[in-house]
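Sequence lines set the chain letters: A, B, ... in the order given, protein chains first and strands last, and positions in each chain run from 1.
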Amino acid sequence: MKLIQIAAPDFDLEKTLNSGQVFHWEKVGAGFCGTIGESAVYVEQLGNVLQTKMEGGVVRRRAQHQLFRKAPTTAATTGSRELAPPSVARVVTRYFALDHPLEDICSSFPRDPIMNAARDFCRGLRIIRQPKWECLATFICSSMKQVTHIRQISRALRQRFGEKKEIGGDEIFSFPSPGRLARTSENELRKCGLGYRARNLLETAKVVASGQADLDSWNPLPDRKLRKQLCELPGVGMKVANCVMLFAFERIAAFPIDVWIERVLREKYFVRKRKVTGQMLADFAANYFGVHGGYAQQYLFHHARMTGKRKSPSRSLDQSH
DNA sequence: CTCCAGGGATGAT
DNA sequence: ATCATCCATGGA
């Protein structure tokens with residue numbers, strides 16, 4: 001299969017995929033294998049160009065258009081003129097958010113030493129547009145787990161309950177639908193390493209599969225209302241809700257506060273202050289980091305995690321600027 | 001406010 | 001080799 005080339009200026013694929021926002025992409029050769037929705041995808045970066053191929057997708061618009069016209073579909077009766085599904089380039093561009101004005105976003109970050117360092121370190125990192133259910137389910141599994149664990153859980157869920165795809169000779173599994181997971185049992189989910197999170201994922205899958213919670217219909221809701229709806233789902237608190245808003249609902253201002261971000265805020269922005277509550281941290285973040293706060297948060301998170309400042313008892317030479 | 005709920009990677013010893 | 005710590009937390 002021929003590789004399709006896509007312009008990808010101001011983009012860093014590896015940083016984007018390894019920044020703790022998505023957990024299923026695996027390094028293969030010079031690039032990565034994964035899924036975008038139900039399609040298996042291979043993608044690699046060469047400078048400012050993304051080379052990609054997709055299985056179950058479209059190589060050319062015309063081919064899929066013909067395919068569409070062969071079978072009578074209900075879409076034809078709707079009168080919509082957008083019958084042709086988007087091209088591979090369009091799907092990939094949208095998924096990796098290559099249309100985000102990254103320069104403007106980064107320029108809107110506050111100018112302080114911590115933020116400057118994070119902005120410089122994370123150049124090219126973009127917040128991608130993930131499928132809603134996949135994102136929600138994965139972050140329900142993320143509670144009190146490390147990134148490597150979440151990857152294992154995601155892989156186990158896909159292998160057990162997802163649909164097998166193939167791309168360039170590699171096996172890839174799509175993320176199981178809410179209906180599929182709703183038909184499993186808590187015990188089956190525990191076999192994927194979910195622990196106590198199994199019940200939450202199962203219950204949320206049932207609510208979503210039944211239509212009682214319609215994620216797509218929540219698109220027009222304002223941030224506050226959307227957050228409230230998400231938090232009513234089992235296993236979803238403020239942190240997970242903000243992650244789903246940021247990574248799947250394009251709410252760029254949503255500011256998830258996890259262990260790492262809390263450390264950064266307390267140690268860098270609330271230096272030597274007692275009695276700092278979580279609410280105070282959230283209020284500060286919402287006001288200080290601005291309309292693209294979610295992006296700022298992602299940069300701070302990735303920078304903190306990569307420059308590793310996990311508690312080490314023996315740090316005799318603590319260097320500060 | 002506190003406490004607890006898998007389990008595996010990671011790091012100290 | 002074993003042992004302690006940590007974890008993109010929610011719920012009680």
Query raised in the report: Among side-chain atoms of A:E38 and A:S174, is any donor-acceptor pair under 3.5 angstrom?
Result: yes
Query raised in the report: When we call it a touch if two heavy atoms are under 4.0 Å apart, what does A:F255 touch: a base, just sugar-phosphate, or nothing?
Result: nothing
**Report entry** Separation of C:dA8 P from A:H149 NE2 (nearest whole Å)
**Finding:** 9 Å
Requested in this report: Classify the nucleic acid contact of A:G235 as base, sugar-phosphate or nothing, counting any heavy atom under 4.0 Å across all strands shown.
Outcome: sugar-phosphate
Query raised in the report: With centres under 5.5 Å and planes under 30°, do A:Y196 and B:dG6 count as stacked?
Result: no
Requested in this report: For B:dT10, take OP1 and OP2 only and decide whether either is under 4.0 Å from a side-chain N or O of A:R305.
Outcome: no
Report summary line: Per nearest nucleotide of DNA chain C, the residue lying toward the 5' end, A:C231 or A:F23, is A:F23
Query raised in the report: Ignoring hydrogens and angles, are the base of C:dA8 and the side chain of A:E262 linked by a donor-acceptor pair under 3.5 Å?
Result: no
Report task. Hey, can you tell me if A:F175 and A:W133 have their rings parallel, tilted or perpendicular (30° and 60° cut-offs)? Result -> perpendicular
Query raised in the report: Side chains of A:R160 and A:T184: is there a donor and an acceptor less than 3.5 Å apart?
Result: no
Query raised in the report: Taking atom C1' of C:dT9 as reference, at what distance in whole Å does atom CG of A:L201 sit?
Result: 15 Å
**Report entry** Rounded distance (Å) that lies between atom C1' of B:dA9 and atom CD of A:Q152
**Finding:** 8 Å
Query raised in the report: Does a nitrogen or oxygen in the side chain of A:R197 sit under 4.0 Å from OP1 or OP2 of C:dT9?
Result: no
Query raised in the report: When all nucleic acid strands are considered with a 4.0 Å heavy-atom cut-off, which category describes A:Q297: base, sugar-phosphate, or nothing?
Result: base
Query - Whole-Å distance separating the CE atom of A:M144 from the C1' atom of C:dA8 - result: 11 Å
Report task. Can you tell me the distance, in whole Å, between the CD1 atom of A:I257 and the C1' atom of C:dC7? Result -> 17 Å
Requested in this report: Using the C1' atom on both, measure C:dG11 against B:dG8 and round to a whole Å.
Outcome: 24 Å
Requested in this report: Determine, for A:K53 against A:E55, whether the closest basic-nitrogen to carboxylate-oxygen distance falls under 4.0 angstrom.
Outcome: no
Report summary line: Sorted by chain and number, sequence neighbours left out, ring-ring contact (aromatic ring centres under 6.0 Å, His included) with A:F270 holds for A:F284
Query raised in the report: A:I261 has an atom CD1; how far is it from atom P of C:dC7, in whole Å?
Result: 13 Å
Query - Nearest-angstrom distance from the residue atom CZ of A:R151 to C1' of C:dC7 - result: 15 Å
Requested in this report: Would you mind classifying the nucleic acid contact of A:S19 as base, sugar-phosphate or nothing, using non-hydrogen atoms under 4.0 angstrom?
Outcome: base
**Report entry** Any-strand Watson-Crick or G-U partner of B:dT10, both distances under 3.5 Å
**Finding:** C:dA4
Query - Length of the CZ-P vector between A:R199 and C:dA12, whole Å - result: 10 Å
Query raised in the report: In the strands shown, is C:dG11 matched to any nucleotide by a Watson-Crick or G-U wobble pair with both distances under 3.5 Å, and which?
Result: B:dC3
Requested in this report: Determine the Euclidean distance between corresponding P atoms of B:dC1 and C:dA8; express it in Å to zero decimal places.
Outcome: 22 Å
Query - Partner of A:F109 under ring pair (Phe, Tyr, Trp, His ring centres under 6.0 Å), chosen from A:Y299, A:Y288, A:Y295 - result: A:Y299
